[in-house]
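Would you mind keeping the following structure in view while I ask a few things?
Numbering starts at 1 and runs along the sequence shown.
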Amino acid sequence: MAYQIGYEIEAYGLNAQQIREVIESKGADFLSPDGRDRLFGYSESKRIPLRCTKANPYYVNRKAWIAAQDGSLTAGGLGPAFEIISPVLHGAAGMKEAARIHKALVKAGAVTHRTAGNHIHMGINHSARWARMSDRKKAEVGKRLAHVYKHFQKVIDALLSNVRSTGGMGAYRAGSGYGPSTREVNLNRPFGGRCVLNLGSWVLQGRVEFRQVGNTLRWDVIEG
């Protein structure tokens with residue numbers, strides 16, 4: 001089974017109608033709230049994308065991209081703020097779809113800012129191999145992931161546009177640290193919170209999230 005990807009793009013500069021038109025122009029499905037050109041509210045959006053289940057009334061739209069509000073996007077003068085959330089994408093084909101849509105959004109006028117980031121979910125989501133693991137084994141593998149990421153974190157940070165391993169709100173405001181909802185990997189609490197490597201879904205679902213790909217819309221950096 002191909003690995004699974006979920007992609008969240010935070011940016012400025014496009015309204016809901018423009019976002020819908022860009023995504024549909026690339027042959028992808030787009031889900032508008034109530035069939036209108038508006039952004040989903042933050043709470044509304046959480047009922048739809050990556051956590052969909054068959055009991056969810058939006059499950060039939062599990063292949064659709066959506067656009068939502070995000071309270072962390074507070075910059076002024078850059079136009080409308082938005083977050084694009086992908087459906088579950090699969091393997092190399094999924095990465096190509098994300099690249100097509102991402103590049104089209106940038107061409108249409110999407111811009112970034114130090115308040116904006118990109119989040120990438122990757123995993124195996126209940127594959128047979130993962131399901132056979134005991135909870136203890138899942139925790140052990142998760143801790144290994146955290147140790148590996150922590151070891152290479154300075155290298156990873158150096159590849160991004162504005163991230164440095166300084167942390168703290170002061171550094172964030174200066175445009176050189178992690179955002180207020182994103183912290184360095186904590187090896188003492190690898191499953192507890194929104195670190196740059198977020199393992200909150202690993203034990204339950206077999207998925208990890210890479211958070212705050214620091215305010216860049218360069219696809220080569222994000223893909224890397």
Side-chain angles (χ1 to χ4, degrees), residues 1-10 42-43 45-56 59 62 68 70-73 83 85-91 94-95 98 115-160 162-169 171-172 177-215 222-224:
M1 182 177 71
Y3 59 89
Q4 299 182 2
I5 306 158
Y7 183 38
E8 303 170 32
I9 313 164
E10 297 176 358
Y42 182 80
S43 297
S45 70
K46 297 305 177 187
R47 296 195 293 267
I48 301 170
L50 302 178
R51 292 182 288 279
C52 275
T53 67
K54 290 183 178 180
N56 189 316
Y59 184 77
R62 64 194 181 279
D70 189 318
S72 69
L73 301 174
E83 178 181 38
I85 305 172
S86 79
V88 177
L89 305 170
H90 299 271
M95 287 296 288
T115 57
N118 301 287
H119 302 174
I120 300 172
H121 303 252
M122 299 189 72
I124 50 181
N125 284 40
H126 300 295
S127 74
R129 179 179 179 185
W130 178 87
R132 287 195 299 268
M133 291 185 188
S134 65
D135 288 346
R136 181 176 179 180
K137 183 65 175 178
K138 291 173 186 174
E140 178 186 331
V141 172
K143 289 176 181 177
R144 289 179 187 172
L145 291 171
H147 275 273
V148 170
Y149 195 94
K150 179 71 172 179
H151 182 77
F152 289 104
Q153 192 163 314
K154 290 184 178 180
V155 176
I156 295 167
D157 290 348
L159 296 174
L160 305 181
N162 78 329
V163 177
R164 301 290 181 272
S165 295
T166 53
M169 183 66 82
Y172 169 70
Y178 300 116
S181 65
T182 306
R183 298 181 293 272
E184 295 183 50
V185 173
N186 183 350
L187 296 181
N188 295 318
R189 200 165 172 259
F191 303 101
R194 295 184 158 194
C195 296
V196 285
L197 177 68
N198 184 9
L199 294 173
S201 296
W202 166 250
V203 173
L204 294 176
Q205 297 165 317
R207 186 171 67 231
V208 299
E209 178 188 15
F210 300 93
R211 292 177 56 82
Q212 200 72 19
V213 183
N215 87 312
I222 294 167
E223 185 177 34

Give the minimum heavy-atom separation between V203 and F191, together with the two atoms involved. CG2-CE2, 4.0 Å

Show the numbers, then the answer: is there a side chain to side chain contact (heavy atoms under 4.5 Å, CB included) between I222 and Y7? CA-CA 10 Å; I222 294 167; Y7 183 38; 3.6 Å; yes

State, to 0.1 Å, how close Y149 and V185 come at their nearest heavy-atom pair, and which atoms those are.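 Heavy-atom minimum between the residues: CD2-CG2, 3.5 Å.
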
Between NE2 of H121 and CD of Q4, what distance do you get to the nearest 0.5 Å? 12.5 Å

Set of residues satisfying side chain to side chain contact (heavy atoms under 4.5 Å, CB included) with respect to A68, sequence neighbours excluded: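 Checked A68 against side chain to side chain contact (heavy atoms under 4.5 Å, CB included); matches are F40, S45, I85.
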
Identified side chain to side chain donor-acceptor pair (under 3.5 Å) partner of N198 from the options R211, E209, R207, H119: E209

Under the side chain to side chain contact (heavy atoms under 4.5 Å, CB included) test, residues paired with R132 that sit two or more places apart: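 For R132, the residues satisfying side chain to side chain contact (heavy atoms under 4.5 Å, CB included) (neighbours in sequence not counted) are A128, R129.
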
Testing the basics here: between E184 and C195, what is the closest heavy-atom pair and its distance to 0.1 Å?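 So the minimum-distance heavy-atom pair works out to O-SG, 3.2 Å.
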
Measure the spacing between CD of E223 and CG of N118 and express it to the nearest 0.5 Å.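 One gets 13.0 Å once the value is rounded to the nearest 0.5 Å.
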
Worked check of side chain to side chain contact (heavy atoms under 4.5 Å, CB included) between F210 and V196: CA-CA 6 Å; F210 300 93; V196 285; over 6 Å; no

Check step by step if side chain to side chain contact (heavy atoms under 4.5 Å, CB included) holds for H147 and L187. CA-CA 7 Å; H147 275 273; L187 296 181; 3.7 Å; yes

Neighbour count >12 (heavy atoms, 6.0 Å) for atom NZ, K150: yes

Under the salt bridge (Lys or Arg N to Asp or Glu O under 4.0 Å) test, residues paired with R144 that sit two or more places apart: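 For R144 the salt bridge (Lys or Arg N to Asp or Glu O under 4.0 Å) partners, ignoring immediate neighbours, are E140.
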
Let me confirm one number: the CZ-CZ distance from R183 to R189, rounded to the nearest 0.5 Å.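 So the CZ of R183 and the CZ of R189 are separated by 7.5 Å.
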
Rounded at 0.5 Å granularity, tell me how far CG in N186 sits from CG in L197. 11.5 Å

Nearest non-hydrogen partners of P190 and A146, listed with the distance: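 Heavy-atom minimum between the residues: CB-CB, 3.9 Å.
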
So, for W202 and K138, which heavy atoms are closest and what is the spacing to 0.1 Å? NE1-O, 2.7 Å

